[in-house]
Amino acid sequence: MTSPISQGQDPVQALLRASHHLRADQLGTAVSRLAPRLGARLAVVYLADYEQQSLVPLTGPEVPDRDAQDVDGSLAGAAFRRVESVPAPAGAAPTLWVPLLDGSQRLGVLELGFDDEHLRHDAEEVRAFAALVAELCVTRDAYSDVLTRLRRNRPMTIAAEIQWQLIPPLTFGTERIVIAGTLEPAYEIGGDTFDYAVNGPVADLMMLDAVGHGLPAALLSTVAVGAYRSGRRAELSLSDIAARIDRAIAAQFTASQFATGLLARLDLESGVLSWVNAGHPSPLVVRDGVLLAAHPCRSSLPFGLQTGPAHVCSLDLRPGDRVLLYTDGIVEARSPQGEFFGEERLADFVVRAEAAGDPPPETLRRLMRDVLDHQAGKLQDDASIVLVEWRSGREKQLQL
């Protein structure tokens, strides 16, 4: 690989200069070549697989051979889970594992190996370098399949291909809101999807569950997402957006094809949460470690079947409240003995994760593993969830 890296540049400037003509398959080599500029003898990029169970190394000429790292059982995984740099313990090869973040979304980790066990490096420079590597992973992934293939450990269905292209980043955060979401089964997801947008002082969210499975369900949810974004970007009210989704589905599909869903809007200044429920599970709110009583909100008919304006509900949130939007595949996950996962178990998991200090994306990653374990490792239905945390803006540290 040829790249315009000059000897006089710091590593961030050098990688930025080289990046203008850098292909996705050249990224690992470019990062490895710049390791000495960071005071390291080696550098390896790892990306999380779709199920966020392993961290897979990006290979290339001059990149050291590495095996995939387990997210739950390695130092690399600890850096990914905690979203903080993790050094190797005393006596081990001097190594620093640095999280790779695209804004708030966890992409993977960067391994830096050193000759000096005291890890002499510029911490700010390392963070800046890792941030640039993460941004390059995102931009290169937009027009190459190299990184997408790397993150897969088995074939993906056509329906899942569509759904993964529809969703926004799995994690977003500011001083006023944290949003984290996930879809399962990652390689076979059909009708479940979610969407969100934060526009100034307003956050809009959607959770959708299209009836059926596979490609037909994915096509229906694609139409619903398109109608949702059209209405949201036209700054329509929640009830008008619901009507637009309903009309789009009814015009394109038969009466036996519909979607349940929940549209929500959060005023980031006041904390007022408004929502429209179209035959979907109601949002759960966890406050101070306790699941609030179900809100007495009237549900409308599913999208595609509505006969009138959707009813709008509202609730005043308090700073620190966590709101859960989910599909029935979460709470109706059934154990081999026939026991449902249930709302109480879901809320209890979130409460315990919060008490343990887990950030929202890690909470959902572990939750999905718990749901899978409850069903003996095989989901019987699509299962999706979005966790929203409203913040006062005065927290000392934004934990993502």
Side-chain angles (χ1 to χ4, degrees), residues 46 48 51-55 69-89 95-110 123 126-127 130-131 134 169-182 184 196 203 266 268 271 283-292 317-326 330 341 343-374 385-400:
Y46 296 76
E51 295 173 308
Q52 296 188 352
Q53 292 302 292
S54 63
L55 296 161
Q69 301 289 311
D70 180 38
V71 168
D72 290 304
S74 67
L75 292 175
F80 181 82
R81 296 192 312 271
R82 302 173 193 167
V83 197
E84 63 184 24
S85 297
V86 174
T95 306
L96 184 68
W97 301 93
V98 185
L100 296 177
L101 302 172
D102 173 38
S104 305
Q105 176 158 286
R106 305 178 300 179
L107 302 180
V109 297
L110 174 65
V126 166
R127 280 192 289 269
L170 294 179
T171 310
F172 172 82
T174 70
E175 72 280 358
R176 301 308 304 267
I177 189 172
V178 177
I179 302 170
T182 190
E184 288 287 354
Y196 67 81
L266 175 60
L268 299 181
L284 300 181
V285 179
V286 176
R287 174 176 295 165
D288 298 327
V290 177
L291 174 64
L292 298 189
L317 297 184
R318 296 178 186 174
D321 282 358
R322 287 185 166 186
V323 181
L324 301 171
L325 313 179
Y326 59 95
I330 297 284
F341 193 81
E343 292 181 359
E344 290 292 337
R345 196 191 307 264
L346 170 59
D348 181 64
F349 187 97
V350 172
V351 167
R352 288 186 286 108
E354 185 176 14
D358 288 341
E362 180 60 19
T363 297
L364 294 194
R365 190 190 72 85
R366 293 182 52 240
L367 170 65
M368 280 304 190
R369 303 283 72 75
D370 212 47
V371 172
L372 277 166
D373 289 345
H374 184 76
I385 187 167
V386 171
L387 187 158
V388 181
E389 181 178 318
W390 183 59
R391 295 170 174 262
S392 69
R394 297 186 295 272
E395 287 82 2
K396 292 182 179 180
Q397 182 178 2
L398 179 65
Q399 184 182 12
L400 297 173

Of all residues at least two apart in sequence or in a different chain, which pass the side chain to side chain donor-acceptor pair (under 3.5 Å) check with E51?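 Side chain to side chain donor-acceptor pair (under 3.5 Å) list for E51, sorted by chain: R154.
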Which residues share a side chain to side chain contact (heavy atoms under 4.5 Å, CB included) with [X], sequence neighbours left out:
X    : answer
A134 : L100, L107
A131 : none
E343 : L284, Y326, V331
L372 : R369, L379

First locate atom [atom1] of [X], then atom [atom2] of [Y], and finally report the distance between them rounded to the nearest 0.5 Å.
X    : Y    : atom1 : atom2 : value
L346 : L291 : CG    : CG    : 8.5 Å
L367 : R345 : CG    : CZ    : 11.0 Å
I330 : L325 : CD1   : CG    : 11.5 Å
T171 : D102 : OG1   : CG    : 10.0 Å
D358 : R365 : CG    : CZ    : 9.0 Å

Is there a side-chain contact between [X] and [Y], using heavy atoms and a 4.5 Å cut-off?
X    : Y    : result
R322 : V350 : yes
P169 : Y196 : yes
L75  : P89  : yes
W390 : R176 : yes
Q52  : L170 : yes

Can you list everything that forms a ring pair (Phe, Tyr, Trp, His ring centres under 6.0 Å) with F341? Sequence neighbours excluded, please.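 F341: ring pair (Phe, Tyr, Trp, His ring centres under 6.0 Å) contacts with H374.
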Got a sec, which residues hit ring pair (Phe, Tyr, Trp, His ring centres under 6.0 Å) with F80, two or more places apart in sequence or on another chain?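 For F80 there are no ring pair (Phe, Tyr, Trp, His ring centres under 6.0 Å) partners, ignoring immediate neighbours.
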If you compare all heavy atoms of [X] against all heavy atoms of [Y], which two are closest, and at what distance to 0.1 Å?
X    : Y    : value
A130 : V98  : CB-CG1, 3.8 Å
A203 : L268 : CB-CD2, 4.2 Å
F349 : T363 : CE2-O, 3.4 Å
E389 : P360 : OE1-CG, 4.1 Å
R391 : V178 : NE-CG2, 3.3 Å
A79  : P99  : O-CB, 3.9 Å

For the pair I177 and L266, evaluate side chain to side chain contact (heavy atoms under 4.5 Å, CB included) and give the outcome as yes or no after the intermediate values. CA-CA 9 Å; I177 189 172; L266 175 60; 3.9 Å; yes
Looking at V286, L387, L317, which one forms a side-chain contact (heavy atoms from CB on, under 4.5 Å) with V323?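 Only one option passes, and that is L317.
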Considering residues at least two apart in sequence or located in another chain, which fulfil the salt bridge (Lys or Arg N to Asp or Glu O under 4.0 Å) criterion with [X]?
X    : answer
D70  : none
D321 : R287
R352 : D348
R81  : none

